[in-house]
Amino acid sequence: MESMINGTAVKIVRGDITRYETDAIVNAANSSLLGGGGVDGAIHRAGGPAILAECHKIRDRQGGCDTGDAVVTTAGRLPAKIVVHTVGPVYRGGQDREEELLKSCYLRSIEEACAAGAQRIAFPNISTGIYGYPKEAAAKAALSAVLDLLRTSTNGNDEVCPQEVAFVCYDEENERIYRQLLEQES
Ligand code: AR6
């Protein structure tokens, strides 16, 4: 499913993000940047050791990555050109700034990807696996953050506005939720 929002193609696709052909894929990392399970493990396995090597350099420089923030590395052997590692919030009931931090992951990732020259970016459903964020609430936060950004960017010259944003859903439930929400929005 695809919808044009103020000149940007917003796509909902089902699949494995490590195989998705785009400029930047986003990793749902942890603040150590040293890898883990879920999509993080899949990205490091498929991309190879070059990604972890750059994560170590970032750790040496700034000690890791805060929740809600994002950093960029090579994509190693992946079809994408870069990986944007962002750290989603652990869900603790919703009263711990989770929504604000999750939205920040999407916005900072787009900002970093565009700053690195990427025009197309693909997201997994950040925080909805090991970090336990309820899927529907996470999808609402993700889509509203991204669509608000796209709608308020003035024109195609705005450097925080990418040409394509894909939400790559690994499971059927997330895909259904995202499709319904995007249909309501367009
Ligand atoms: N492609 C796309 N989406 C995927 C893939 C894949 N190959 N594999 C899993 N997902 P999670 P989190 C989906 O747990 O909740 C790691 O250990 C998955 O179905 O990967 O942000 C990190 O190091 C779910 O919808 O990330 C952190 O410690 C979504 O990706 C922690 O997990 C996110 O699930 C981060 O937890």
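Just follow the structure's listing: the first ligand is 1, and inside any ligand the first atom is 1.
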Quiz prompt | E100/K103 under salt bridge (Lys or Arg N to Asp or Glu O under 4.0 Å): CA gap, chis, key distance, verdict | solution = CA-CA 5 Å; E100 175 196 334; K103 286 182 171 182; over 6 Å; no

Quiz item: What do the steps show when you test R14 against E172 for salt bridge (Lys or Arg N to Asp or Glu O under 4.0 Å), and what is the final call?
Solution: CA-CA 7 Å; R14 176 97 183 270; E172 189 267 330; over 6 Å; no

Quiz item: Do the rings of Y106 and F123 sit parallel, tilted or perpendicular, given the 30° and 60° boundaries?
Solution: tilted

Quiz prompt | R151/E185 under salt bridge (Lys or Arg N to Asp or Glu O under 4.0 Å): CA gap, chis, key distance, verdict | solution = CA-CA 11 Å; R151 286 182 175 131; E185 290 282 349; 3.1 Å; yes

Return a table of N or O atom pairs, ligand 1 on one side and protein on the other, at distances under 3.5 Å, rounded to 0.1 Å.
residue	atom	partner	partner atom	Å
ligand 1	1 (N)	I17	N	2.9
ligand 1	7 (N)	D16	OD1	2.9
ligand 1	14 (O)	I130	N	2.8
ligand 1	15 (O)	S127	O	3.4
ligand 1	15 (O)	G129	N	2.9
ligand 1	15 (O)	I130	N	3.1
ligand 1	15 (O)	Y131	N	3.0
ligand 1	17 (O)	G37	N	2.8
ligand 1	20 (O)	V39	N	2.8
ligand 1	21 (O)	S127	N	2.8
ligand 1	23 (O)	N30	ND2	2.7
ligand 1	23 (O)	D40	OD2	2.7
ligand 1	25 (O)	T128	OG1	2.9
ligand 1	28 (O)	N30	ND2	3.4
ligand 1	28 (O)	Y131	OH	3.3
ligand 1	34 (O)	G129	N	3.4

Quiz prompt | Any residue meeting ring pair (Phe, Tyr, Trp, His ring centres under 6.0 Å) with Y91, in chain and number order, not counting sequence neighbours | solution = Y133

Self-check item: Worked check of salt bridge (Lys or Arg N to Asp or Glu O under 4.0 Å) between E98 and R92
Solution: CA-CA 8 Å; E98 290 97 327; R92 295 194 174 90; over 6 Å; no

